[in-house]
Engineer: 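Have a look at this one before I ask anything.
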Number of protein chains: 2
Amino acid sequence: MTPPQNSSQARSVHVVSSADSQESRIGRLCVERGLKMTGQRRVIARVLSDAEDHPDVEELYRRASALDPRISVATVYRTVRLLEEKGILERRDFGGGRARYEASEHGRHYHLIDVDSGKVTEFEDEEHEALMRRIAERLGFELVSMRLELFGRRLKQADAPAATKKAKRGKGSAR
Amino acid sequence: MTPPQNSSQARSVHVVSSADSQESRIGRLCVERGLKMTGQRRVIARVLSDAEDHPDVEELYRRASALDPRISVATVYRTVRLLEEKGILERRDFGGGRARYEASEHGRHYHLIDVDSGKVTEFEDEEHEALMRRIAERLGFELVSMRLELFGRRLKQADAPAATKKAKRGKGSAR
DNA sequence: GTACCTGCAAAGTCTTTGCTCATGT
DNA sequence: ACATGAGCAAAGACTTTGCAGGTAC
């Protein structure tokens, strides 16, 4: 739900005054969900909207503090939890003990973690979910969600078309 | 886990003296790796060998304490870490913050967690790993390891045609 | 004006570790 | 004997929470 495409501009059916314009993409989602937009939340929402990676709380706190030092780490924790409950954020666990976050996206995608550098590459695979759904049903379950992470090491003979790092929404796979 | 068919008895090719006979399957693995077998480790090894599920440290501690109260939770932590490093155990994270353990197995298998009860069902899929390996290579990586977990909810219309293709023993005590 | 937020620090969880005594080989 | 393991409790890492004052709507 909430495809950001049409809800960004065309969605201005509301009494969208100038206030909305200062909101980041995630900030707008917060507003839509009726969340009270405090200065801190606005900053955190902006950081999350701008994030191209999968920051953990500490990193979010660092980036948010850079924009506005009047933010405590407790607020970051509370905010990400809130946004996760609202479905705006998704919590990830790539190992290492700390939770990492990224904006919820429409197209499901997965992560490949470089075991040497820790870099995360995203990729998609339309077949995969269907396959897993079938397996779950075979076992007598309805698939609710899943977790898939690949851990790999860079190949020398690069045949991947410059999949630099995170081919976000780029459908990393060429096939 | 561990098809108890052939590895338990026929495996006695070694100089198995009477000492070995008191060891559980995992206990024997410990001995093979040259680990000092203390009473505590023997008990923990037995608990792990007998476990049909994926206990967390607290649960291991509980079961081990039942067999021998002279065990501290610190020892359980130290032992599972040691066994994990030795490749005898594998640590799992099914969400919920605590690590869970199971004996390393040859045939790779995956887990489906019942989101309502927390019950874990294991399943296999030979194709899956190959598929993931191909995806990783496409992205320029050599697949080192992966993590796959399905979260599902029981279907009403009980079908689960049992031996469809890869329905590994469904973990005892299935509610 | 009120319900909800925030900062701060204390408390919680899960896990590791320092130290000293005990034990396996 | 000696290196290694175990107990205990304190410390760590990450996250949540109680409380008093602030703030969005």
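Sequence lines set the chain letters: A, B, ... in the order given, protein chains first and strands last, and positions in each chain run from 1.
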Engineer: What integer distance in Å separates A:R98:CZ from C:dT13:C1'?
Structural biologist: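 Whole-Å distance recorded here is 16 Å.
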Engineer: Answer yes or no: is there a side-chain heavy-atom contact under 4.5 Å between A:H109 and A:E102?
Structural biologist: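 Of all side-chain heavy-atom pairs linking A:E102 with A:H109, at least one is under 4.5 Å.
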Engineer: Taking the side chain as every heavy atom from C-beta outward, state whether A:F123 and A:L112 have any atom pair closer than 4.5 Å.
Structural biologist: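 Heavy-atom side-chain distance check passes, below 4.5 Å.
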Engineer: Report which part of the nucleic acid B:R78 touches: base, sugar-phosphate, or nothing (heavy-atom distance under 4.0 Å, all strands).
Structural biologist: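 B:R78: base contact, heavy atoms under 4.0 Å.
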Engineer: Give the rounded distance in Å between these two atoms: CG of B:L82 and C1' of D:dA6.
Structural biologist: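 Answer to the nearest Å: 13 Å.
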Engineer: Any side-chain heavy atom of A:C30 within less than 4.5 Å of one from A:I88?
Structural biologist: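 The answer is yes, as the side chains (C-beta and beyond) meet within the 4.5 Å cut-off.
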Engineer: Just wondering, do B:E129 and B:Y110 contact through their side chains at under 4.5 Å, heavy atoms?
Structural biologist: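 Of all side-chain heavy-atom pairs linking B:E129 with B:Y110, at least one is under 4.5 Å.
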Engineer: Atom CD of B:E58 and atom C1' of C:dG12: how far apart are they, to the nearest Å?
Structural biologist: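 Those two atoms, CD and C1', are 14 Å apart.
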Engineer: Measure from the side chain of B:R81, starting at C-beta and using heavy atoms only, and say which of D:dT17, C:dT15, C:dT17 lies closest.
Structural biologist: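 Between D:dT17, C:dT15, C:dT17, the one nearest the side chain of B:R81 would be C:dT17.
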Engineer: Are OP1 or OP2 of D:dT16 and a side-chain N or O of A:Y77 less than 4.0 angstrom apart?
Structural biologist: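 For D:dT16, OP1/OP2 do not have a side-chain N/O of A:Y77 under 4.0 Å.
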Engineer: If I take atom CD in residue A:E59 and atom P in nucleotide D:dT15, what distance separates them, rounded to the nearest angstrom?
Structural biologist: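 Rounded to the whole Å, the gap is 14 Å.
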Engineer: Side chain of B:T75: nearest nucleotide among D:dA6, D:dT15, D:dA24?
Structural biologist: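 Per side-chain heavy atoms of B:T75, the pick is D:dA6.
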Engineer: Quick one: which of D:dC14, C:dT6, C:dG24 gets closest to the side chain of A:Q40?
Structural biologist: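 Among D:dC14, C:dT6, C:dG24, the one nearest the side chain of A:Q40 is C:dT6.
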Engineer: Using a 4.5 Å cut-off on heavy atoms from C-beta on, say whether the side chain of A:R147 contacts that of B:D93.
Structural biologist: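 A side-chain contact exists here, since the closest heavy-atom pair is under 4.5 Å.
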Engineer: If you pin A:L35 and A:A74 to their nearest nucleotides in DNA chain C, which one's is more 5'?
Structural biologist: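 The residue closer to the strand's 5' end, by nearest nucleotide, is A:L35.
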Engineer: For the side chain of A:S72, counting heavy atoms from C-beta on, which of D:dT15, C:dT16, C:dC8 is nearest?
Structural biologist: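 The listed nucleotide nearest to A:S72's side chain is C:dC8.
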Engineer: Atom CD1 of A:I71 to atom P of D:dG22: distance rounded to whole Å?
Structural biologist: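 In whole Å, D:dG22 P lies 18 Å from A:I71 CD1.
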Engineer: Any side-chain N or O of A:T38 less than 4.0 Å from the OP1 or OP2 oxygen of D:dG22?
Structural biologist: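 For D:dG22, neither OP1 nor OP2 has a side-chain N or O of A:T38 closer than 4.0 Å.
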Engineer: Check the distance between C:dT6's C1' and A:M37's CE and give it to me in whole angstrom.
Structural biologist: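 My rounded result for the distance is 14 Å.
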Engineer: Just the rounded figure in Å: distance from P of C:dC14 to CZ of B:R92.
Structural biologist: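 Roughly 20 Å, once rounded to whole Å.
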Engineer: How long is the line joining CZ of A:R42 and C1' of D:dT23, in whole Å?
Structural biologist: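 It is 12 Å, rounded to the nearest whole Å.
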Engineer: Among D:dT15, D:dC25, D:dA6, find the nucleotide with the atom closest to the side chain of A:K36.
Structural biologist: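 Looking only at side-chain atoms, A:K36 lies closest to D:dC25.
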